[in-house]
Number of protein chains: 2
Amino acid sequence: MAISFTEENYLKVIHRLSEATTEDISTNAVAELMQTKAASVTDMLRKLAEKGWVNYQKYQGVRLSAEGEKIALSIVRKHRLWEVFLVDKMGFNWDEVHEIAEQLEHIESDQLVNKLDEYLGFPKTDPHGDPIPNKEGILPELAYSHLSDIKTAKTCKLMGVAQDSAVFLQLLTKLNLSLGAKLDIQEVNEFDRSIFVSINDAAPIFISHEVAKNILVKV
Amino acid sequence: MAISFTEENYLKVIHRLSEATTEDISTNAVAELMQTKAASVTDMLRKLAEKGWVNYQKYQGVRLSAEGEKIALSIVRKHRLWEVFLVDKMGFNWDEVHEIAEQLEHIESDQLVNKLDEYLGFPKTDPHGDPIPNKEGILPELAYSHLSDIKTAKTCKLMGVAQDSAVFLQLLTKLNLSLGAKLDIQEVNEFDRSIFVSINDAAPIFISHEVAKNILVKV
DNA sequence: AATAATTTTTAGATTAACCTAAAAAATAAA
DNA sequence: TTTATTTTTTAGGTTAATCTAAAAATTATT
């Protein structure tokens, strides 16, 4: 069935919200991420439900159907593969690629996506460490911890970020924190939960809890 | 000023029609290429004129303004660069890339286009031999002849095609005719204007006038 | 030049995606 | 368990791009 850009974006947003919870997704939550009004969301949810891509009962929130999940994952796959392309092949920084990938994710051609995947060497994650669904739409589960959850001195490796806003990524770049960086945690301060850490064997610096919450690491 | 996909497509179509003539472009001609009705075209021409991208007086046809020309050329540039990408990097055949490039040409990022250009080695033409406008929107004039215009036995080189429909390109592929092929013209038949020609030193074959009209060669 | 044929435009509707304002339902607080 | 608050939906409108059918302008033909 034909699908519009807007419908694709709604499915993507519902998918994103569903990753964080097992609850049904509220109209308002969708409205906020879609940068639109709740009334518009209600209209769209009814339409998506008619097309069989979501399960929706009014006042009860929304969930993706199996079909809707499949579509959402194919968009996520395209988005993340294009991000790899932009960084690895086009030479963009990891904080510059989101907007462009938002456009490229809507290009329709399974053949192209699979050729791109192969061309990039079947990457497992995008430049922010987010996993890339495979051709069958299966998303490899990457069991990473939030840096903020670590309580004791230990060594770990930066595997991803929980947020890909440009300001945040630029801050990480300033701190010399990129995918794969080695983090030697010296101390976790009880007072403000800031972390005193050596990055790639440099002199240790302080990282705020705010920032640590958005950093994913493998212990 | 903001521009929609549809507006971009109209400018592209008007540009294409303008290449073939110095006359003003008729509403019907635009309608046919846009696969829409004349009434819809009238509406859009008025809008494009308001935005300053075309010069249009009702009943008098339409021309691109300098600004409109600039936009059209940037779309052509993107279209052709993406075609090179699809063939050279993704391994598509030249008859498979048009549809996908129709989508990719609307991706908005000057930075991306210029990086892509560099990545592809600043190609001068697309996989069909059509010239690629440079960053400044200047379209190199390639003075090629139509194979159908050649009257005597001589050797020439296939530099492009005047049509990129999949059926036509597939026929050329069957005839072993690709960009750069050497054509030794043995004889031009007066009766049906068919051409008896050896392709890359193979045994000579007949090529119809219909086909020859769409083949561009350098003598 | 008058009439016929064609092309183009206007008028009035339709659809997708959005909006505001008001009503209804669900949830939280007293 | 009422009342207040918040969330969600409905009702009615807007805009971009399209359509059909009818009117107007242009071009071609007698």
Side-chain angles (χ1 to χ4, degrees), chain A residues 1-14 17-18 20-64 68 71-72 75 102-103 105-106 108, chain B residues 1-14 17-18 20-64 68 71-72 75 102-103 105-106 108:
Chain A
M1 197 188 309
I3 185 167
S4 69
F5 275 31
T6 309
E7 289 168 338
E8 288 194 348
N9 284 329
Y10 270 93
L11 293 180
K12 190 181 62 169
V13 156
I14 297 166
L17 291 165
S18 300
T21 172
T22 59
E23 312 266 299
D24 287 4
I25 307 306
S26 76
T27 301
N28 264 352
V30 175
E32 193 180 353
L33 272 196
M34 283 297 298
Q35 311 210 77
T36 184
K37 296 302 158 75
S40 310
V41 174
T42 301
D43 282 354
M44 182 56 85
L45 294 185
R46 195 185 299 105
K47 190 165 70 149
L48 294 176
E50 259 167 41
K51 294 198 174 189
W53 297 329
V54 301
N55 298 114
Y56 165 68
Q57 312 257 76
K58 56 173 154 168
Y59 295 106
Q60 302 311 131
V62 68
R63 313 235 62 190
L64 291 177
I71 297 170
I75 300 164
E102 288 281 306
Q103 300 179 59
E105 74 191 5
H106 299 292
E108 214 180 294
Chain B
M1 195 190 306
I3 186 167
S4 71
F5 275 31
T6 308
E7 289 167 338
E8 289 195 346
N9 284 330
Y10 271 93
L11 293 180
K12 191 182 59 166
V13 156
I14 297 167
L17 290 166
S18 300
T21 173
T22 59
E23 312 266 298
D24 288 4
I25 306 307
S26 75
T27 303
N28 264 353
V30 175
E32 194 179 353
L33 273 195
M34 283 298 298
Q35 311 211 74
T36 184
K37 297 301 159 77
S40 312
V41 174
T42 300
D43 282 354
M44 182 56 84
L45 294 185
R46 195 183 301 106
K47 191 164 67 148
L48 294 176
E50 261 168 40
K51 294 196 173 191
W53 296 329
V54 301
N55 298 114
Y56 165 67
Q57 311 259 77
K58 56 174 157 168
Y59 295 105
Q60 302 310 131
V62 69
R63 311 233 65 187
L64 291 178
I71 297 170
I75 300 165
E102 288 282 303
Q103 300 178 58
E105 73 191 6
H106 299 292
E108 213 179 294

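Below, all heavy atoms of this structure are taken into account, side chains as well, without hydrogens, waters or symmetry copies.
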Does a side-chain N or O of [X] approach OP1 or OP2 of [N] to a distance below 4.0 Å, or not?
X	N	answer
B:K58	C:dT10	yes
A:S40	C:dC19	yes
A:T36	C:dC19	yes
B:T6	D:dA16	no
A:T42	D:dT10	no
B:R46	C:dT9	no
B:N28	C:dT6	no

Next item on the list: Assign the ring pair A:H106 / A:F5 to parallel, tilted or perpendicular, where the plane angle (0 to 90°) is split at 30° and 60°.
Entry: parallel
Next item on the list: Pick base, sugar-phosphate or nothing for A:Y10, based on heavy-atom distances below 4.0 Å to the nucleic acid.
Entry: sugar-phosphate
Notebook entry, point to check: Across the strands shown, which category fits B:Y56 at heavy-atom distances under 4.0 angstrom: base, sugar-phosphate, nothing?
Noted result: sugar-phosphate
[N] [atom2] sits how many Å from [X] [atom1], rounded?
X	N	atom1	atom2	answer
A:L45	C:dA16	CG	P	16 Å
B:I25	C:dT7	CD1	C1'	15 Å
A:E7	C:dT15	CD	C1'	12 Å
B:F5	C:dA16	CZ	C1'	16 Å
A:K37	D:dA11	NZ	P	21 Å
A:D43	D:dT15	CG	C1'	15 Å
B:Q57	D:dA24	CD	P	21 Å
B:M44	C:dT8	CE	P	17 Å

Note to self: Against A:I25, only a single residue in A:L64, A:L33, A:L17 fulfils side chain to side chain contact (heavy atoms under 4.5 Å, CB included); can you say which?
What the structure shows: A:L17
Note to self: Return whichever of A:Q60 or A:A38 has its heavy-atom-nearest nucleotide of DNA chain C closer to the 5' end.
What the structure shows: A:A38
Heavy-atom pair with the smallest gap, counting every atom of [X] and [Y]:
X	Y	result
A:Y56	A:A49	CB-CB, 4.1 Å
A:N28	A:A38	OD1-CB, 3.6 Å
A:R63	A:T22	NH1-O, 3.2 Å

Check: Where the side chain of A:Y59 is concerned, which of D:dT20, D:dT8, D:dT10 is the nearest nucleotide?
Finding: D:dT8
